[in-house]
Engineer: 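Pasting a structure below so you can have a look.
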Amino acid sequence: MKAYRASILRFDDHGQAVFDKDGLLVVGFAAGGGCERVLAVGPRDTVAPQFPGIPTEELAGRIIAPGFVDLHVHYPQIDVIGSPAEGLLPWLENYTFPQESRFTDPAHAQAVAQFFMTELLRNGVTTALTFATSHPASVDAFFTEARRRRMRMIGGKVLQDRHSPDGVRDETEQSLIDTEALIGRWHGVDRLGYAITPRFAPSCSAAQLRGAGELAARYPEVWIQSHVAENRDEIAWARELFPQARSYLAVYDDFGLMRRRAIYAHCIHFDDADRALMRDTGAAAAVSPTSNLFLGSGFFDYAGAERTGFAYGLASDVGGGTSLSPFRTMLAAYYVGREGQTKTGISLSPQHLWWQHTAGAAQALGLGGVVGNLQPGCEADFVVLQPRCTALLERRTASARDLDELLFAMIVLGDDRLVERTVIAAGAAS
Ligand code: GUN
Ligand code: ZN
């Protein structure tokens, strides 16, 4: 058992932020095994007397907050960040597919997975739902690296058996055999989870989507991840390819790919029937604002999501997205919310932005109370933030009059420099 003394940010069951200026976080191994968890948290003067003599790390002036959860990212696209294109489809063809074809080489996959995970941790991200490439070895590289670092990570082999160039295109039957083998090899090993990963409807044959849906039914605890309604040309193409479906989103439903633990990136160009389908199936949206702004895809409709009541959380979508930093993503989400505000009057509060990238994202994954928060019982993945990391942040946070101002200052001015340390829960003692 060990304690950390600092200011501590966490969220209650309603998504409201709880902030203890002089807080104590107690972590250790709970009965029943597993990794290190939060045993107690709260104001130091009420928690400390319950743990007399506990070794305590003093982190004066620091803020401890839950590790960030990235709901959608492509680890092989770390080398694609900042590649300009007219829009999604030329971006995929000219930059993304050529880069992903390099993952036929397992040594390349291993090197990139290592670099990616180091960058995630430097930015304070402790859990991510991640695309690999269509090459099974890219998934092995990803999980091997995540396991070595004891992280709770979810990922999967991309399925794309058509409209994809040589080097990334897979073969229908083999792709499903590979997926099932990877589920068997990795899902539930330590803190790792598998995600069935059809790239997007235009790159998957009906047979491949059907097979993916069958696997999703057979393995209900396995995640599903894909893209939907990101870009108008993409949507027109999907509708041409699946004319019988009510909408682009409905294609996935028709193949059994909408359920809890299914996360769809973007979800921009939806109608109310799509929103209701998200809600009724328990699927969730990975809102990817830096990607949507960079590729000119559009603006996620926060008011529509709230009105309907479907789940969502924040994502970097690197390499369409421009940064792995949750601070950059939260700021971009704020801009996106402001765009919608002119129509709806809704403005995103800093507490809600932060929740979307921690407890809210975890809840969207079905991992509420497991990661993305620091309530008792949560796995002990957290960040130590140093608000004095730059002269301007020091000055601005010092003059913050309340929690909203403090969080806003960090969202607007923060980046990887703010993350002094990222702590991953220790594995079970054996
Ligand atoms: N749609 C299909 N593939 C991709 C991808 O790699 N990135 C994004 N942003 N959208 C996609
Ligand atoms: Zn994506």
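Atoms within a ligand are numbered from 1 in the order they appear, just like the ligands themselves.
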Engineer: Centres of the Y312 and F300 rings: under 6.0 Å?
Structural biologist: yes

Engineer: Specify the protein heavy atom at minimum distance from atom 4 (C) of ligand 1: its residue, its atom name, and the distance to 0.1 Å.
Structural biologist: H227 CE1, 3.4 Å

Engineer: So which protein heavy atom does atom 7 (N) of ligand 1 come closest to, and at what separation?
Structural biologist: W91 CZ3, 3.4 Å

Engineer: Regarding ligand 1, does D317 bring an N or O atom to under 3.5 Å of one of the ligand's N or O atoms?
Structural biologist: yes

Engineer: Aromatic rings Y75 and F116: how do their planes relate, parallel, tilted or perpendicular, breaks at 30° and 60°?
Structural biologist: tilted

Engineer: Consider every N or O of E100 and every N or O of ligand 1, then say whether any pair is closer than 3.5 Å.
Structural biologist: no

Engineer: In this structure, is the centre-to-centre distance between the rings of W186 and F143 below 6.0 Å?
Structural biologist: yes

Engineer: So, 2.8 Å as the limit: is an N/O/S atom of H74 located closer than that to the Zn ion (ligand 2)?
Structural biologist: yes

Engineer: Just checking Y264 against H72, ring centres under 6.0 Å apart?
Structural biologist: no

Engineer: Tell me whether R149 at atom CZ has more than 12 heavy atoms from other residues, nucleotides or ligands lying less than 6.0 Å away.
Structural biologist: yes

Engineer: Just give me the atom name: the N, O or S atom of D317 closest to the Zn ion (ligand 2).
Structural biologist: OD1

Engineer: So for atom CZ, which belongs to R395, do other residues, nucleotides or ligands contribute more than 12 heavy atoms lying within a distance under 6.0 Å?
Structural biologist: no

Engineer: Have a look at the Zn ion (ligand 2) and estimate, to 10 degrees, the angle subtended by NE2 (H72) and NE2 (H227).
Structural biologist: 90°

Engineer: Establish, yes or no, whether a centroid distance under 6.0 Å links the rings of F408 and Y334.
Structural biologist: yes

Engineer: More than 12 non-hydrogen atoms from neighbouring residues, nucleotides or ligands closer than 6.0 Å to CG on D13, yes or no?
Structural biologist: no

Engineer: Answer side chain, backbone, both or neither: which part of H266 comes under 4.0 Å from ligand 1, heavy atoms only.
Structural biologist: side chain

Engineer: Tell me whether E234 reaches ligand 1 (any heavy atom closer than 4.0 angstrom to a ligand atom).
Structural biologist: no

Engineer: Which of these, Q99, E230, R199, has its nearest heavy atom closest to atom 10 (N) of ligand 1?
Structural biologist: E230

Engineer: Could you list which atoms of ligand 1 come closer than 4.0 Å to a heavy atom of L88?
Structural biologist: 8 (C), 10 (N), 11 (C)

